[in-house]
Every structure is written in structure tokens, then in C-alpha cells.
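Single-structure report; data block below.
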Amino acid sequence: MRLSQYFLPTLKETPSEAQIVSHRYMLRAGMIRQSSAGIYSWLPLGFRVLKNIEQIVREEQNATGAQEVLMPTIQSADLWRQSGRYEDYGQEMLRITDRHDREMLYGPTNEEVITEIFGAHVKSYRHLPRNMYHIQWKFRDEVRPRFGVMRGREFLMKDGYSFDLDPDAGRVAYNKMFISYLRTYARMDLQAIPMKAETGPIGGDMSHEFIILADTGESEVFCHRDFLERDVLQRDIDYDSDLQPLVDEWTSLYAATDDMHDAARFESEVPEDRRVAARGIEVGHIFFFGDKYSKPLGAFVSTPDGDEVPVQMGSYGIGVSRLVGAIIEASHDDKGIIWPESVAPFKVGLVNLRTGDEACDAACDSMYAKLSDAGVEVLYDDREERAGAKFADMDLIGLPWQLIAGPRGLKEGKVELKNRRSGETDELSIDAALTRLAG
RNA sequence: CGGAGCGUAGCGCAGCCUGGUAGCGCACUUCACUGGGGGUGAAGGGGUCGGAGGUUCGAAUCCUCUCGCUCCGACCA
């Protein structure tokens, strides 16, 4: 993509409403534009990141055998009356009336809809287990939206639902999601820590929030430092195998949000030099809730014995749009964003330091064509701007690699390849630079 | 929902107290010089001062109502 033709409205100054770093950088980098409180449009650069994150989530869900569906944003109030949540949900639910005076709502979540679908079609234990998810916009009318896309009213979320015959089978489904969540975040270079969460009336130990540490996190969290040194991507996962030992490995160490925190246990279980007390951002939540929805909504299956039992369900959420902000919170410096390569809107920023100079234009055009042909996503800054402005914008939007060509270097046949994260710059021949990026 | 603020050019702000031709910086347009970390100069364009009502000869400024947005707290993927 040529920057001269790309819609990238970067800002030199920070809009006054933005308080935290991810919000500031998302506005300054031209990723989003606020439409109203807690509601944002996604501009080209931001949209690319959102889609990249969504795709990683999708791949890791599919790997577990979960199947993607797409449910509506607008749901009927009647369905929610059946589960009893229409009244319970309160002011956070955006209620809508259609032209026939039917009561509708903009879905804040999808347990009711998925349970209705499942219950209508699956009647036998032989069609279990199943796991379905979708990635869809949701709306919760927060009293006080803030922090940009981290706490918006409208947000993109992956929510998945498992269906099993009994709680033991439900645990198998839960474990699959548990592991896939760790992998999902790891692929975004995030170290997510599973923390025990409230299980509500169901009880048990099957509820975890996935938290990443960041100074601007909304809640205080406590955990063992070893979590920060683990790499879940090191081994391949066989989702058909027994995942319990692996889950145990990840739940044996202390980790809790402030509402679940037990200071005495923390101090007895975790050596002093391994204790981490920090702030965290919740980027996912998995939860087994048994027959809470299947019972009132009539999603029953027959057992091998011929009995009819409500199906056992779990639900699994990932805040996709929140992750865009969360990744920035976890990965930035005072110049701007530093994208992990897996979610970066482009892999390479090609900087022509002297647009209009014959040698610079020729070299950049050629590099741009070769990288594009090799399938490398390149944002080519071919604007008539000064070098300083180009560098500032590149640093701000945080592409992992900057390929810099100017008259000075090209005289020697050299270009510069700069790593955004480390700041390391190598002077290379054009071919060597291309090999590094396309190889 | 309690508390506190703010709405003046795309962005950041001044002007309001004490009413009298709407300003500054950045951005934008044109030209010249310049050319490796947001350059210099010159000349320009851009405004229902959030909206409605009122007071007044005259309102961005004073009064009333209203809408929007932000911050702190309680609540949430």
C-alpha cells in the first residue's frame, strides 16, 4: 500500500479525551475515530489489526474443533424472558422496539440464542460434544465507557459455547478452551495469566479470567512470577488427548484478581521474590455454567439410558476489540506503538527519504514491488514529506520493520533495515534487506 | 447512578470574570528556499463560538433550559 493513497489520518497532538496510552496512540495513529461515547469507527489501519487478531482467535478456536457460526446482533426480548435475564440484565441492555412494537434488544451476549439453536436441533447424547463460537459485535450500555476500545459500549467479541452430556465431559471441553486461550494470547506476544474467577451459584473450579499485566489495568492482580516465563507455544497440543495435566500445570501456581485474592495463601504459597502484585487487563473469560440456560430454554438431550437431561454448557469469551488496546498497553514506547508481527497492520514500512529523487524512487519502487510479490505486506511511505515526519509517523504506527532508503545510502548501494522494537538498524544491500524480510 | 469539569477551525488551546469587528499554535492550500528525526520564509483558505430561549442598542461573554463529551467513584468482555 502506498501511503500517499492510504487513509491514515495521524495526529501530532493528542486529543484531550484520551487518558491512557493505547487510546492516545490509537487516535494519533489514525486507527479509530470516536463516533459517540464508547462507540468507534475503525479506520483502515485499525481495522487491519482488528482483523488480524480476529483471525488468530479463529484459527485457535478451529484447532480445538469448535465451529464458527454467526448469530444476530438484534435479539428478541421473549427469548431473554425465558432465561429470566430480560429483567435481570438491567440498564446495561440496550432495548429496542421495532415498528410492530415488538421488544428487541441489541445482544450483550449470546447464551440464549445459541441455546435455542442447539436445543432445537440436538436431541441425543450421540450428537455431543459440540462447541460453537462466533465473532460478533456486542453492545453493553455501560454507565461510563472509557479507555477507548478497552471499555467501549460496542465491542467485538468472540464468544463460544460448549455442549456436553455431563459435567465431566464439560470439563474436557473447558480444558480445550483453557489451553487454546493460552495459545491464542501467546501468538499475539501476550503473556496471559489464567486467574481463578467467581463461579457464582454453580460453584466449582471451572471459571478463569485471562489477564495480561499492564500498568493501566483495571483490577489489581496477584500471581507467581513463573507465569511470566512460560511459553505455551513450545509444545504442540493434541486436543484429543487428556489436557488435564497441562491445565493443572497452569492452575497450580497462585494467581488471583483482587476480588478472589487471599493474602495469607499468597504469602504462604509464593516465595517473596516470586510474588507479583500488579495491575491487569482482562482479555478473556471462560466459564462452565452447567444447565443454567439449557434448563429454562428447554435444551434437553437423551442419555444412553433414555433419560432426558438438560445439556451441560460452558461459555468462553475473548474481547477481540479490547485486545487491540491491550496489546498496545503491553507493547509501546514513548514514540508510539510496537506491534507484534502476528497482528501488525503491515509487516514493513518502506520509507523513501527523498520522494522525487530519481534514485530513491527507483530503488523504493523496486523494493516495494519485490516485497509485495513475495507476499510481504508493505506500507510504502512515498509522500512528499520530510524525513523527520516520515520517521515520526512510522514509529507512531509501530510496524515491526522499517526499510529506509535515502540518497546518502543508495550512493553506496545500501539501505537501512530497522527493527521497531529493538531500535537496531542494519545497513545492508538492497538484496540482503529483501532477503531478510521475505525470507 | 453520585461527584467534578469541558463544549470556540481537523487537533491542542486563549478569549468569558469586567458584553462592543472571533484569536493563537499545529494541520491544510500556493510559491520559494531546504532536504536523514515533525525545517524556514512569504501569501492564503477554513468558524451556525454545541443547540434553543431570554436579558441588552449590542451576547462566545450575562441568565434559563437542553444536548453532547470527559474525568473521579460505584459497575462491567
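Heavy atoms only: backbone and side chains are in, while hydrogens, waters and symmetry mates are out. Chain identifiers are assigned alphabetically (A, B, ...) following the order of the sequence lines, protein sequences preceding nucleic acid strands; residue numbering begins at 1 within each chain. Everything numeric here is computed off the predicted structure, so don't read it as measured data.
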For [X] and [N], give me the distance from atom [atom1] to atom [atom2], rounded to whole Å.
{"X": "A/Leu410", "N": "B/rG36", "atom1": "CG", "atom2": "C1'", "answer": "12 Å"}
{"X": "A/Glu385", "N": "B/rU34", "atom1": "CD", "atom2": "P", "answer": "19 Å"}
{"X": "A/Leu396", "N": "B/rG37", "atom1": "CG", "atom2": "C1'", "answer": "14 Å"}
{"X": "A/Arg354", "N": "B/rG39", "atom1": "CZ", "atom2": "P", "answer": "16 Å"}

Can you tell me whether the side chain of [X] and the base of [N] have a donor-acceptor pair closer than 3.5 Å?
{"X": "A/Arg386", "N": "B/rG39", "value": "yes"}
{"X": "A/Asp357", "N": "B/rG35", "value": "no"}
{"X": "A/Lys418", "N": "B/rG37", "value": "yes"}

Worksheet item: Does A/Tyr254 have its ring centroid less than 6.0 Å away from the ring centroid of A/His224?
Response: no

Response to the item:
Among B/rG38, B/rU70, B/rG36, the one nearest any side-chain atom of A/Arg28 is B/rG38

Enumerate all atom pairs, one protein N or O and one N or O from nucleotides 4-11 of chain B, separated by less than 3.5 Å.
{"unit_1": "B/rC11", "atom_1": "O2", "unit_2": "A/Glu13", "atom_2": "OE1", "d": "3.1"}

Worksheet entry | Counter-base of B/rG2, judged by Watson-Crick or G-U geometry with both distances under 3.5 Å | B/rC72

Discussion item. Any strand counts, and the cut-off is 3.5 Å on both contacts for Watson-Crick or G-U wobble. Which nucleotide pairs with B/rG44?
Written reply: B/rC28

For [N] versus [M], give the span between their [atom1] atoms, rounded off to a whole number of Å.
{"N": "B/rG58", "M": "B/rC16", "atom1": "P", "result": "22 Å"}
{"N": "B/rG38", "M": "B/rC28", "atom1": "C1'", "result": "15 Å"}
{"N": "B/rA60", "M": "B/rA42", "atom1": "C1'", "result": "32 Å"}

Practice prompt. Keeping the roles fixed (side chain from A/Asn175, backbone from A/Phe178), state whether a donor-acceptor pair exists under 3.5 Å.
Written response: no

Fill in: A/Gln34 vs B/rU70: side-chain N/O to OP1/OP2 distance below 4.0 Å
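Checking B/rU70 against A/Gln34, a side-chain N or O does come within under 4.0 Å of OP1 or OP2.
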
Item to complete: May I ask you to decide if the ring planes of A/Tyr89 and A/Trp80 are parallel, tilted or perpendicular, using 30° and 60° as cut-offs?
Response: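 Correct class here is perpendicular.
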
Practice prompt. Apply side chain to side chain contact (heavy atoms under 4.5 Å, CB included) to A/Arg275 and list each qualifying residue two or more places apart in sequence or on a separate chain.
Written response: A/Phe266, A/Glu267, A/Val270, A/Glu272

Item to complete: Between protein and nucleotides 72-77 of chain B, map the contacts as a letter string: B base, S sugar-phosphate only, - none, heavy atoms under 4.0 Å, written 5' to 3'.
Response: BBBBBB

